[in-house]
Amino acid sequence: MIDVTSQRPTETKPITVVIVEDYKLTRVGLTAALNEYEHIQVIGEADDGIEGVKVVTELKPDVVLMDLGLAGLNGIEATQKIIENSPNTSVIALTSHDREEEVMATLGAGAKGYCLKDIDPATLAGVIKNVAKGACWLDPGIAKWALNQFPRPKDPSLMAQGVFTDSRAQLTERELEVLRLLVAGKSNTEIANELIVSVHTAKAHVCSILQKLCVDDRVQAAVKAIKENII
């Protein structure tokens, strides 16, 4: 007997998204624009960081679009709490802020993408799709100076888009120090205390290491470091 159900095409589940943004008009516009794409479904929204953490914890979306200038709990702090509470959710900063300190702090908090608000809706939809698959993305304007912190991809077209995937990039001396502590099982706070730097700086170094080694988490980074004699 032939199992005809196994021959039916499998429907692809849409990428679920929560928008955390304090301007209602912006939330409405983003929701309308993103819901035009079959592979994306906006399932929730929040107008401040505290509510954003609550909504994401309840709904557990695939991706969160996070503004940074939020009341109560700012976007960087909210991102950190979301990653702690919902590790399978990827956060993309969507903001008008482009200062290096904010970019690095946001990535250090665990964000997988950093977009400026003048991004085209079609491009944003593509970023959401790539980040949901595990990639990281930086706005091309930010990527110009971020190339000093993150590896260059093999495919030049990806560099133009802000996508970084080359695992062969060299780690800096400071990143090697951080990696050694990471392999030793140190937390971000312990790393910060050991190196006498801020926790945000320690997180930024860890994020950069994960990017350069092309791994998803600290455990994979430690395994790769030992397996490939990086340290």
Side-chain angles (χ1 to χ4, degrees), residues 20 46 48-54 56-57 63-115 131 134 136-139 142-143 145-151 164 169-226 230-231:
V20 184
D48 63 56
I50 295 174
E51 182 65 17
V53 173
K54 180 180 177 181
V56 172
T57 301
V63 173
V64 175
L65 294 182
M66 176 70 69
D67 188 21
L68 296 187
L70 300 171
L73 196 67
N74 67 44
I76 296 173
E77 295 169 326
T79 294
Q80 183 177 354
K81 288 187 176 298
I82 285 171
I83 298 303
E84 291 174 353
N85 296 340
S86 307
N88 293 326
T89 295
S90 297
V91 178
I92 299 173
L94 182 60
T95 178
S96 58
H97 300 187
D98 61 357
R99 292 192 306 156
E100 181 175 345
E101 297 83 2
E102 290 175 297
V103 175
M104 295 307 295
T106 303
L107 296 177
K112 293 292 184 67
Y114 201 102
C115 302
V131 168
C136 293
W137 196 93
L138 296 179
D139 185 276
I142 294 171
W145 60 257
L147 287 175
N148 294 325
Q149 299 291 333
F150 297 95
F164 299 86
Q170 295 294 317
L171 299 176
T172 65
E173 286 299 318
R174 175 61 90 184
E175 287 168 349
L176 286 172
E177 286 183 294
V178 172
L179 183 58
R180 291 187 187 98
L181 295 173
L182 191 152
V183 169
K186 302 289 186 180
S187 67
N188 288 336
T189 301
E190 291 172 328
I191 291 173
N193 292 336
E194 185 92 10
L195 300 179
I196 316 179
V197 298
S198 70
V199 175
H200 275 160
T201 298
K203 290 178 180 177
H205 285 312
V206 171
C207 183
S208 180
I209 290 168
L210 299 186
Q211 293 265 355
K212 290 183 178 183
L213 297 182
C214 286
V215 294
D216 296 326
D217 55 44
R218 303 160 69 95
V219 174
Q220 291 180 18
V223 170
K224 188 166 186 175
I226 296 171
I230 297 174
I231 58 174

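Contact check for Y114 versus L138: side-chain heavy atoms found under the 4.5 Å cut-off. Counting heavy atoms from C-beta outward, T172 and K212 have side chains that approach closer than 4.5 Å. Inter-residue side-chain proximity for V56 and N85 is flagged as unmet; no heavy-atom pair is nearer than 4.5 Å. Residues L181 and L195 meet the side-chain proximity criterion, which asks for heavy atoms closer than 4.5 Å.
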Note to self: Using side chain to side chain contact (heavy atoms under 4.5 Å, CB included), reason through E175 and L213 one step at a time and then give a plain yes or no.
What the structure shows: CA-CA 11 Å; E175 287 168 349; L213 297 182; over 6 Å; no

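Rounding to the nearest 0.5 Å places OG1 of T95 at 9.0 Å from CG of L70. Distance check: L107 CG to I76 CD1 gives 9.5 Å after rounding to the nearest 0.5 Å. Between atom NZ of residue K186 and atom CG of residue N193 there is a gap of 10.0 Å, rounded to the nearest 0.5 Å. The distance from the CG atom of N188 to the OG atom of S198 is 10.5 Å, given to the nearest 0.5 Å. Distance check, rounded to the nearest 0.5 Å: CE of M66 to CD of E77 gives 11.0 Å. Rounding to the nearest 0.5 angstrom, the gap separating the CD1 atom in I209 from the NE2 atom in H205 is 8.0 Å.
Shortest non-hydrogen contact noted between G110 and T79 is C-CG2, 4.3 Å. Across V206 and V178, no two heavy atoms sit closer than the pair CG2-CG1, 3.9 Å. Of all the heavy atoms in I83 and A109, the pair that sits closest is CG1-O, 3.9 Å.
Taking the charged nitrogens against the carboxylate oxygens, E177 and R180 have no contact shorter than 4.0 Å, which rules out a salt bridge.
Using a distance-only test at 3.5 Å, with no hydrogens or angles considered, a donor-acceptor pair links the side chain of T106 to the main chain of E102.
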